[in-house]
2 protein chains.
Amino acid sequence: MPNSFTPQAAGDLNYLKSLNRSTILSTARRHPGLSRADIALETGLTKATVGSVVQTLVERGWLREGELHARGGGRPGRALYLDGDRHYMLGAEVGVKGLRLVACNLVGEILASCHLEEPPSDPVTTATCLAKLLNQLREAPAIAGRRCLGLGVAVPGPVSPTAPILSLAPNLGWIDVDFLALLREEPDLPDGVWLLDNEANAAAFGEFYFFEGMPPESLAYISADIGIGCGVVSGEHFPVVPRGYQGLVGEIGHTVIQPGGALCHCGNRGCAETLVSGWALRESLGLDIDDSLSASVRARAGEADVQALIQRAGEALGLLMLNLHHTLNPSMLILGGSLMWLKGPLIEPALAYFEAHQNDLLRQSQSVPIKIIEDSTFTAARGAAAQVMARAAIEV
Amino acid sequence: MPNSFTPQAAGDLNYLKSLNRSTILSTARRHPGLSRADIALETGLTKATVGSVVQTLVERGWLREGELHARGGGRPGRALYLDGDRHYMLGAEVGVKGLRLVACNLVGEILASCHLEEPPSDPVTTATCLAKLLNQLREAPAIAGRRCLGLGVAVPGPVSPTAPILSLAPNLGWIDVDFLALLREEPDLPDGVWLLDNEANAAAFGEFYFFEGMPPESLAYISADIGIGCGVVSGEHFPVVPRGYQGLVGEIGHTVIQPGGALCHCGNRGCAETLVSGWALRESLGLDIDDSLSASVRARAGEADVQALIQRAGEALGLLMLNLHHTLNPSMLILGGSLMWLKGPLIEPALAYFEAHQNDLLRQSQSVPIKIIEDSTFTAARGAAAQVMARAAIEV
DNA sequence: ATCATTTAGTTAACAGATTTTACTAACCAT
DNA sequence: ATGGTTAGTAAAATCTGTTAACTAAATGAT
């Protein structure tokens, strides 16, 4: 059952209808090609109910009928798929280094995208700029004739769990920004579901929602960028991103892993971010925020202290993964963010540390698959779009 | 909406009925004394629905009518309360140092309790012993005439999220024990809901479910005992304990907070448990597992190195609390477990560390209330009983 | 004391959801 | 072709919460 399906727990017949519609839709999403009868079996609903619900979902452009099943026996079932042709969602990421935008369809394919490599200034200017780019994106031919389900925006900082407000983005210098309100001031933007979420949460959600193949029970997406954060998702039909009381779930960059260590910009010593983050590594290498970290590291790859620095960062990342496993215990780990451009020299020590320090609690059980996203340019933006779809799907 | 309400997401009319009944019951639990009309307002259901549901809940002994409301205006409402007189739940903790048993009623009052201070040996003997004690407990006069809702058992180790099996209890030397199956072999035990859960999870659930006054949005219960673990709960009407993929959520004792530090029994170095746990402190003081830690510490309170040891343990606990806050972000922290007998010398450094290291991410928002349970003898057992009630309540 | 007013709670008719049951559709093996 | 099997649909039945009208019980003004 969904945790975030409706704000209140009690429900009427309308609610029940909507719940079952969403469940059927979700079943079709997670198992493409099932027939009505398969879905009935899978969900526990009757053929009659599934039949009538599927009919409305097809009419409204959420599902499409595919080929006939070819398993012997009686009458073959008609395969059902999410309809990728009649809707789209907008997703955007306001990143420290620029804006990234995507439009994608119900199966997670990116229909059009755009990125502007220019650090955002103040919220108002950024909103205006983003609105302009969004409207440009909507002109893309791949989108023509589709209905827009809404807009999701990912931001580099914790978002209040009770209101769509960015509490703090240290790397942008923004505090308590109601970014969606600013966007609403802009002309010509589409209606629909509007969402704001933390960048790591959005990315995690997207990777989970649009997972190719058998989706994991849960996953954590570690976003290793200027700062380091993490988003968690779990839940079969209605994936839930735990946010915690103040939206700090997954703020692992500020967990202390080296008491008395280097001073962090948060005021504490020994935060994970002092060892592994675009911020700390640039500082150690004497780079500016705009400099390319991976290029510099590659250029100085021969220097022993640079090697040691990256090695230490990798090990810290591995330690974070281990600690994450003992606190959030996801069934899969995904590594993303611009630090992945450092590739092997960072990633290998991280994986090695993680492997080498599996303790009794873990060794018993099967190991945790780890996926690395080398280019996560649009991961968060696409994830924000996925969140829009998930929300829109419960209203249909 | 509940996360653990039913295994499948789709629902029929029966499900809807059960959902609303549970929601009404939960509303009465969380706000004792509301009238039918108040509950209707609170849940969004109509007076008619609430009226009919309340009638059956009163008939079945879950709710009782109380006094008339005294607010001016029209006809006064009739206050409703959970009925503490017609049911009871059994809760038991299989602890490293012995067995603890309680029987409690729907409002969380302990009607009868029992504890045996003798370390459990093998699972079978322990099950036999526990069954005997449970049946003794059921003879208690305070229980006479009540219906038993079931039995919850708390154990000192992770429980598989998919089956009620204790995966690993290092301090008991138990591995993959199906303790409930062993209990089922014993004669004369009552029917009803049977549950097995980790001790910290059970304690956390109980503190949340039977919270006196306005319950927090979520809470984490840190169990500081021989080992150190943590349980998390959140969810208004249907509190959920996240368990993770392998039941390791909250196994914070094995998060590494001092890389290269002392060797832990899990094989790694620098686990939190090497700094703050009954196990590590006893080892440092040269004590046996059966010795009283708090007595020894009090006896040697004058020694500087003992003071320093406890101080360091307290600081490590504070650090754990801080890291917990940045990963699980509960709205309230509860400290329990036998280490709390060390009182001020342990607790004060922990609180001081936690206060002193609030960083920007936290300082913004309101501070986190911390509650200390000095005597948590029956906390986990009562929590297990609470879990039984929660489960039974959705079936009524 | 009586009456209007207000709120609480109940009752009966209603609308809407899923299920049940029966049916038709479509394929395969004999 | 025919029987067996599975997919999907249609109509009746069942059960849910809602709506609307009612009764019940208190307050306060007359």
Side-chain angles (χ1 to χ4, degrees), chain A residues 5-6 8-24 27-28 31 33-59 63-80 394 396, chain B residues 1 6 8-25 27-28 31 33-59 63-81 394 396:
Chain A
F5 193 78
T6 58
Q8 56 182 11
D12 56 8
L13 291 172
N14 245 316
Y15 164 81
L16 188 61
K17 178 100 191 181
S18 157
L19 175 68
N20 288 343
R21 204 163 42 204
S22 309
T23 304
I24 288 170
T27 306
H31 307 285
L34 291 191
S35 67
R36 290 162 174 80
D38 295 332
I39 293 177
L41 212 68
E42 177 78 20
T43 58
L45 297 167
T46 60
K47 287 193 298 174
T49 305
V50 173
S52 88
V53 169
V54 164
Q55 192 183 346
T56 75
L57 287 173
V58 169
E59 282 166 6
L63 290 180
R64 66 177 174 83
E65 296 193 315
E67 79 288 353
L68 285 174
H69 284 177
R71 50 167 176 252
R75 169 178 171 179
R78 177 70 68 178
L80 295 168
I394 73 179
V396 175
Chain B
M1 285 297 313
T6 59
Q8 56 183 11
D12 55 7
L13 291 171
N14 245 315
Y15 165 81
L16 189 61
K17 182 92 189 183
S18 158
L19 175 68
N20 287 343
R21 203 162 44 204
S22 308
T23 304
I24 287 169
L25 198 53
T27 306
H31 306 285
L34 291 192
S35 67
R36 289 161 175 80
D38 295 331
I39 292 178
L41 212 68
E42 179 78 20
T43 59
L45 297 166
T46 59
K47 287 193 299 175
T49 305
V50 173
S52 88
V53 169
V54 164
Q55 192 183 345
T56 76
L57 287 173
V58 169
E59 283 165 6
L63 290 181
R64 66 176 174 81
E65 296 192 315
E67 79 289 354
L68 286 175
H69 284 176
R71 51 170 177 253
R75 169 178 170 178
R78 176 70 67 178
L80 295 167
Y81 297 94
I394 73 178
V396 174

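Every chain is numbered from 1, with letters handed out A, B, ... down the list of sequences. Just the heavy atoms: all of them, side chains too, but no hydrogens, waters or symmetry mates, feed the values below.
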How does each nucleotide of nucleotides 8-18 of chain D score, in 5' to 3' order, for protein heavy atoms under 4.0 Å: base (B), sugar-phosphate only (S), or none (-)? BBB----BBSB
Reported OG1-to-CG distance for the pair A:Thr27 and A:Asn20, which is rounded to 0.5 angstrom: 10.0 Å
Could you list the residues that satisfy side-chain contact (heavy atoms from CB on, under 4.5 Å) with B:Arg75, not counting sequence neighbours? none
Under the side-chain contact (heavy atoms from CB on, under 4.5 Å) test, residues paired with A:Glu59 that sit two or more places apart: A:Gln55
Between which nucleotides of DNA chain C, read 5' to 3', does contact with chain B run, using atoms under 4.0 Å from its heavy atoms? C:dT6 to C:dT19
Taking B:Ser18's backbone N and O only, do any of them form a donor-acceptor pair with B:Ser22's side chain (distance below 3.5 Å, no angle check)? yes
Would the distance check show the side chain of A:His69 and the main-chain N or O of A:Gly33 forming a donor-acceptor pair, the cut-off being under 3.5 Å? yes
Quick one: list whatever passes side chain to side chain donor-acceptor pair (under 3.5 Å) with A:Ser35, sequence neighbours left out. A:Asp38
Among residues at least two apart in sequence or on other chains, which ones pass side-chain contact (heavy atoms from CB on, under 4.5 Å) with A:Leu68? A:Pro76, A:Arg78
